[in-house]
Enquirer: 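Pasting a structure here, questions to come.
Counting convention: from 1, in listed order, for ligands and their atoms alike.
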Amino acid sequence: METTTDIASRELWEKAKTIYLSTIASQEEKSQVERYLSMIVSVERSGDTFVVCTSNAFSAEFLKANYSERMKKCLELVVPEGKVELEFKFREAPIPSIIKPIQEQSKHQKVSTFISTMPLNEEYTFDEFVRGPSNSFALAAAQAVVANPGKGGYNPLFIHGGTGLGKTHLMQAIGNEIKKRDPSLAICYLTAEEYLNEYVNYMKDSNLPGFRAKYRSVDVLLLDDVQFFQKGKQIQEEFFNTFNALKDNRKQIVMTSDVAPKNLPSIEQRLISRFEGGMLQEIETPSYETRLAILKKKAEGLEVNVPDYVLEFIADRIKSHVRAMEGALGKVSVYLSAYPSSVLSNEALEHLLGDFIQKEQTMKKLNIEEIQALVAKKYSITMDQLLSPERTQSVVTPRQLAMYIARKFTTKSLPEIAKMFEKTHATIIHGVRNIEKRLDVEADLKASLAEILAEFGYKLSDKMD
Ligand code: ADP
Ligand code: MG
């Protein structure tokens with residue numbers, strides 16, 4: 001089946017998407033929306049109706065249920081006629097066993113028609129990736145993979161590091177570059193979450209062999225955010241087997257995660273050993289120079305000219321996430337395109353970027369001891385108990401809650417937090433995840449958290465991604 005995207009419709013769609021994304025204040029929600037929108041493989045238009053196809057059934061349903069109203073409004077803003085209908089559909093990607101033979105016919109121009117489960121973002125290239133001390137090793141490893149996919153010692157390549165620091169960008173750059181060099185290779189990009197969704201769907205259709213055939217037929221598997229696998233043993237088992245099959249056939253595997261493999265607490269040891277068996281690289285928080293260089297690069301791609309003093313202001317004030325810097329740059333550029341000749345004072349910039357800067361500053365203010373002390377007080381336990389290994393629930397909850405606040409509301413690194421709690425990294429991550437899960441269902445716990453945060457002048461929504 002051909003996926004043809006009508007270019008004009010796609011452009012209108014992209015414009016509407018930009019407008020939509022600019023209306024979302026929370027970074028967390030924005031990333032989620034982006035993730036689902038990235039599963040779109042084509043946009044076609046017939047009359048007033050935009051038909052948006054996604055690479056899997058679940059995301060079509062999800063987009064329809066959650067975003068269709070608002071996307072429709074945004075489309076109406078960009079379509080000259082102002083009238084729009086919107087449909088989300090699932091278009092099944094052909095399974096590889098059917099696709100490959102077609103290619104075998106012409107010897108010279110072999111092009112894989114394998115459709116990646118989630119599309120590669122073509123803007124995520126090596127050219128667009130700014131090298132700095134915080135990422136140079138990861139970048140070098142990524143380039144080594146491209147030079148010799150599956151065959152070098154970098155298999156798997158495992159990239160870890162905090163949110164918004166460029167893991168997905170680098171991983172997709174690997175995919176884009178390999179595809180360019182050897183179009184005959186089947187490259188598959190997806191998140192671990194999506195892998196799990198698909199597994200569940202195939203299982204529902206009693207077609208696990210189809211699922212296995214699909215993922216074992218790829219030449220390059222790019223699996224993003226594998227920390228997600230902690231949610232289920234069965235999916236770990238499934239992936240373990242696929243991993244081994246790919247590795248045995250000298251197919252390349254690249255993975256990312258927000259922590260190093262050894263700090264993935266509920267992942268089986270045999271998988272962790274596999275993850276560590278190739279090349280492990282960390283991306284760290286970028287320095288001021290790297291932040292500025294990234295901003296300059298991003299600004300080049302904008303239609304408006306953003307002056308250097310603005311970029312320097314952003315690089316200086318926003319330190320923790322590249323993604324937050326991009327958000328700030330986006331906001332300034334919208335302003336500058338409306339008022340191109342304005343000169344922005346530091347006060348004006350502070351005002352304009354208030355949301356982003358305030359977040360950074362509040363993040364810095366909190367220190368871990370204060371968090372521990374306040375949480376202990378609220379739960380009427382002593383600091384000693386909070387830091388002890390004691391396992392009773394009345395002590396575990398405040399302990400884990402304090403870990404959660406330290407992790408989600410400060411810029412302290414995992415090792416720093418672990419040290420302050422006298423625990424291992426894995427224990428901290430486990431504690432944080434546990435609270436995360438409980439917050440979804442326990443209103444009381446959420447209320448206590450809000451109360452504690454309020455004492456520091458924070459809101460639940462100040463949470464970092
Ligand atoms: P992660 O997957 O680590 O959460 P992403 O890869 O999604 O982070 O990066 C977030 C944003 O920051 C992306 O838009 C990406 O292009 C940008 N970014 C991060 N690091 C760099 C870099 N070194 N050069 C250019 N852009 C970067
Ligand atoms: Mg990512």
Enquirer: Just let me know how K297 lines up against ligand 1, side chain, backbone, both or neither, with a heavy-atom cut-off below 4.0 Å.
Expert: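 It is neither part, as no heavy atom is under 4.0 Å.
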
Enquirer: Can you check whether T163 has an N/O within less than 3.5 Å of an N/O in ligand 1?
Expert: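 No, T163 has no N/O under 3.5 Å of an N/O on ligand 1.
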
Enquirer: Can you report which non-hydrogen protein atom sits closest to atom 18 (N) of ligand 1, along with the distance?
Expert: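 For atom 18 (N) of ligand 1, the nearest protein heavy atom is V322 CG1, 3.3 Å.
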
Enquirer: For atom 3 (O) of ligand 1, state which one of K167, E128, E123 supplies the nearest heavy atom.
Expert: K167

Enquirer: For the NZ atom of K247 and the CG atom of N155, what is their distance to the nearest 0.5 Å?
Expert: 5.5 Å

Enquirer: What class does the angle between the rings of Y195 and Y215 fall in, given that below 30° is parallel, 30 to 60° is tilted and above 60° is perpendicular?
Expert: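 It falls in the perpendicular class, over 60°.
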
Enquirer: Looking at K233 and E237, does any basic side-chain N land under 4.0 Å from a carboxylate oxygen?
Expert: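 No, no charged N to carboxylate O under 4.0 Å.
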
Enquirer: Hey, is T168 touching ligand 1 through its side chain, its backbone, both or neither, going by heavy atoms under 4.0 Å?
Expert: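 Within the 4.0 Å criterion, T168 contacts ligand 1 through backbone and side-chain atoms alike.
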
Enquirer: Any nitrogen or oxygen of I294 lying under 3.5 Å from a nitrogen or oxygen in ligand 1? Just yes or no.
Expert: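 It does not: no N or O of I294 is found under 3.5 Å from an N or O of ligand 1.
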
Enquirer: Is Q172 in contact with ligand 1, taking contact as a heavy-atom separation below 4.0 Å?
Expert: no

Enquirer: Nearest protein heavy atom to atom 23 (N) of ligand 1, by residue and atom, and its distance?
Expert: V130 O, 2.8 Å

Enquirer: Mind checking whether I283 contacts ligand 1 via backbone (N, CA, C, O), side chain (CB onward), both or neither, at a 4.0 Å heavy-atom cut-off?
Expert: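 For I283, no heavy atom sits under 4.0 Å from ligand 1.
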
Enquirer: Give me the nearest non-hydrogen protein atom to atom 7 (O) of ligand 1 as residue plus atom name, then the distance to 0.1 Å.
Expert: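 Looking at atom 7 (O) of ligand 1, the protein heavy atom closest to it is R323 NH2, 2.9 Å.
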
Enquirer: Looking only at protein heavy atoms, identify the closest one to atom 4 (O) of ligand 1 and say how far it is in Å.
Expert: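 Answer, as residue, atom name and distance: G164 N, 2.6 Å.
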
Enquirer: Check this for me, if you would: do K419 and E416 make a salt bridge, where the nitrogen-to-carboxylate-oxygen distance has to be below 4.0 angstrom?
Expert: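 No.
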
Enquirer: Roughly how far apart are I40 CD1 and T54 OG1, rounded to 0.5 Å?
Expert: 7.5 Å

Enquirer: Testing R270, R216, R274 for side-chain hydrogen bond (donor to acceptor under 3.5 Å, both in side chains) with N244, which one passes?
Expert: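 Only match with N244 under side-chain hydrogen bond (donor to acceptor under 3.5 Å, both in side chains): R274.
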
Enquirer: Using 2.8 Å as a strict upper limit, say whether an N, O or S atom of T256 approaches the Mg ion (ligand 2) that closely.
Expert: no

Enquirer: Is the shortest side-chain N to carboxylate O distance from K72 to E69 below 4.0 Å?
Expert: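 Answer for the salt bridge query: no.
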
Enquirer: Which atoms of ligand 1 have any heavy atom of G162 under 4.0 Å away?
Expert: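 Heavy-atom distances to G162 below 4.0 Å select 3 (O).
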
Enquirer: Please confirm whether the ring centroid of Y309 lies under 6.0 Å from the ring centroid of F313.
Expert: no

Enquirer: Which protein heavy atom lies closest to atom 11 (C) of ligand 1, and at what distance to 0.1 Å?
Expert: E326 OE2, 2.8 Å

Enquirer: Return yes when G161 approaches ligand 1 closer than 4.0 angstrom through a heavy atom, no otherwise.
Expert: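 No, G161 has no heavy atom closer than 4.0 Å to ligand 1.
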
Enquirer: Could you check whether R212 pairs with E238 (Lys NZ or Arg NE/NH1/NH2 to Asp/Glu carboxylate O, under 4.0 Å)?
Expert: yes

Enquirer: Applying the side chain to side chain contact (heavy atoms under 4.5 Å, CB included) criterion to F158, which one of V254, T256, V226 satisfies it?
Expert: V226

Enquirer: Report yes if G166 has an N/O atom closer than 3.5 Å to an N/O atom of ligand 1; otherwise report no.
Expert: yes

Enquirer: Between D258 and R433, is there a side-chain N and carboxylate O pair less than 4.0 Å apart?
Expert: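 Answer for the salt bridge query: yes.
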
Enquirer: For N135, counting its heavy atoms only, list the atoms of ligand 1 lying under 4.0 Å from any of them.
Expert: 23 (N)

Enquirer: How far is atom 6 (O) of ligand 1 from its nearest protein heavy atom, and which residue and atom is that?
Expert: H169 N, 2.8 Å

Enquirer: Check the orientation of F229 and F239. Use parallel for under 30°, tilted for 30 to 60°, and perpendicular for over 60°.
Expert: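 F229 vs F239 ring planes: tilted.
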
Enquirer: Write out the residue and atom name of the closest protein heavy atom to atom 20 (N) of ligand 1, then the distance separating them to 0.1 Å.
Expert: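 Looking only at protein heavy atoms, the one closest to atom 20 (N) of ligand 1 is L165 O, 3.4 Å.
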
